[in-house]
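Worksheet: one structure, shown below.
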Amino acid sequence: MKITIVAGARPNFIKIAPIINAIEKKKSAGANVSYRLVHTGQHYDKNLSDTFFEELNIPKPHANLEVKSGSQAEQTAAIMIAFEKELIQNPSDLVLVVGDVNSTMACAIVSKKLNTKVAHVEAGIRSGDMTMPEEINRIVTDSITDYFFTTSETASENLKKYGVDINDIHFVGNVMIDTLYQNQSRFEQPAFWNDFNLEEKNYIVLTLHRPANVDEVDSLVNLLQGIDRLANGKKIIFPIHPRTKSILGEKKLEVENICMIEPQGYLNFMYLVKKSFAVITDSGGLSEETTVLGIPCFTMRNNTERPETITVGTNNLVGTSVKNLEKIYSEFLNAESRKCGIPQLWDGKASERIIDILLSH
Ligand code: UDP
């Protein structure tokens, strides 16, 4: 079986690493499987791309479509045009897409129109929020997918409600957590640890990049200043996403606790998360990682496509206002007990299950 694996953005790289490992393992054991890795070039900054390939030992892509930035339509169209040529020149039995970025949807559409089967890893998750580009990408991708690999029973149920045949839905667990387990022993203290006088469990990690939080500069400044106050002297380590950085521009930020740093590589970033007191974020992936590491997480969104991080894990949905964050954070500080569990099948073996299923069909 020849599989084309597509990856375009930071969270995609983290998700494909264990899938490639699982394929290599099967190949060494004599299975008839090979892959071609296509990087669409959606993320191209060294900090968001190359670093992840190096740290997670992902082989150099066989092709890089180099689409770079653009509006939603420009980027999606550019990926489709380039990927159509790629897949015609290098046909495969199956195209495997992960997550919910523009590359996921664009390459799924192209594959299906070239009569190539599509596997979607992280299928079926839904926020119900149609203002998020990711939600549209999820719905479109899942409407033409052949193999649906899900991270939760809720995601599988969502697909059933959409009329997907239950034989095509495979609840396998979470590949992002495979990467976490495979690399946990390599998490590495960042060089700035001592410069910032960081102490275990005494600082907060902050990431923000979703349009609802960062697209309007004055609200962003207001939000950051509110988070700064809430920290009550704890340092806040804020690896700033290029998108957020460019919106903030030259705007003056009066903050005492927030330390702005460049986006971190996976090994330094996960070290910071693992040793933190809490995480404030609008990232979906991070709410999954904090759940597995047992780190309290406050998600600055009104909804989540990953409800198990709340019902089972450490995540708290706080909306996008500082006031609500302050309220929920202070309730958390005063709480007598804290929930902390790991969702079913988030055990580091999702990628092996995926490859086993694909090879048995
Ligand atoms: N991440 C990282 N360095 C950083 C920030 C994030 O390695 O400075 C990793 C982390 O594992 C996180 C993932 O990137 O779960 C996803 O990032 P992003 O917020 O871009 O994607 P989302 O989860 O929102 O789709």
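Side chains included, hydrogens not; waters and symmetry mates left out as well; all remaining heavy atoms used. All of these numbers come straight from a predicted model, not from anything done at the bench. Counting starts at 1 for both ligands and their atoms, in listed order.
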Quick one: which ligand 1 atoms are inside 4.0 Å of a heavy atom on [X]?
X    : answer
M176 : 13 (C), 15 (O)
Q264 : 2 (C), 3 (N), 4 (C), 7 (O), 8 (O)
F52  : 2 (C), 7 (O)
P263 : 8 (O)
P239 : 8 (O)
L286 : 15 (O)

Take atom NZ of K26 as the centre, draw a 6.0 Å sphere, and report whether it contains more than 12 heavy atoms from other residues, nucleotides or ligands.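 Incorrect, the count does not exceed 12.
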
Starting from [atom], find the nearest protein heavy-atom neighbour and note its residue, name and distance.
atom                    : value
atom 1 (N) of ligand 1  : F269 CD2, 3.5 Å
atom 13 (C) of ligand 1 : I14 CD1, 3.7 Å
atom 24 (O) of ligand 1 : R210 NH1, 2.9 Å
atom 5 (C) of ligand 1  : R10 NH1, 3.2 Å
atom 21 (O) of ligand 1 : P11 CG, 3.5 Å
atom 19 (O) of ligand 1 : H209 NE2, 3.0 Å

Tell me whether the centres of the aromatic rings in Y147 and H361 are closer together than 6.0 Å.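 Centroid distance Y147-H361: below 6.0 Å, so yes.
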
Centre of Y162's six-membered ring, under 6.0 Å away, within 45 degrees of the axis: is that where NZ or CZ of R126 sits?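 Output yes; distance and angle both within limits.
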
Just let me know how E289 lines up against ligand 1, side chain, backbone, both or neither, with a heavy-atom cut-off below 4.0 Å.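 It is the side chain that gets close, since no backbone atom is under 4.0 Å.
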
Taking only residues two or more places apart in sequence or in another chain, which ones pass salt bridge (Lys or Arg N to Asp or Glu O under 4.0 Å) with E84?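 Expected list: none.
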
Donor-acceptor list for residues 255-262 side chains, cut-off 3.5 Å, not counting sequence neighbours:
{"from": "N257", "atom 1": "ND2", "to": "D228", "atom 2": "O", "distance (Å)": "2.9"}
{"from": "E262", "atom 1": "OE1", "to": "N47", "atom 2": "ND2", "distance (Å)": "3.2"}
{"from": "E262", "atom 1": "OE2", "to": "K245", "atom 2": "NZ", "distance (Å)": "3.1"}

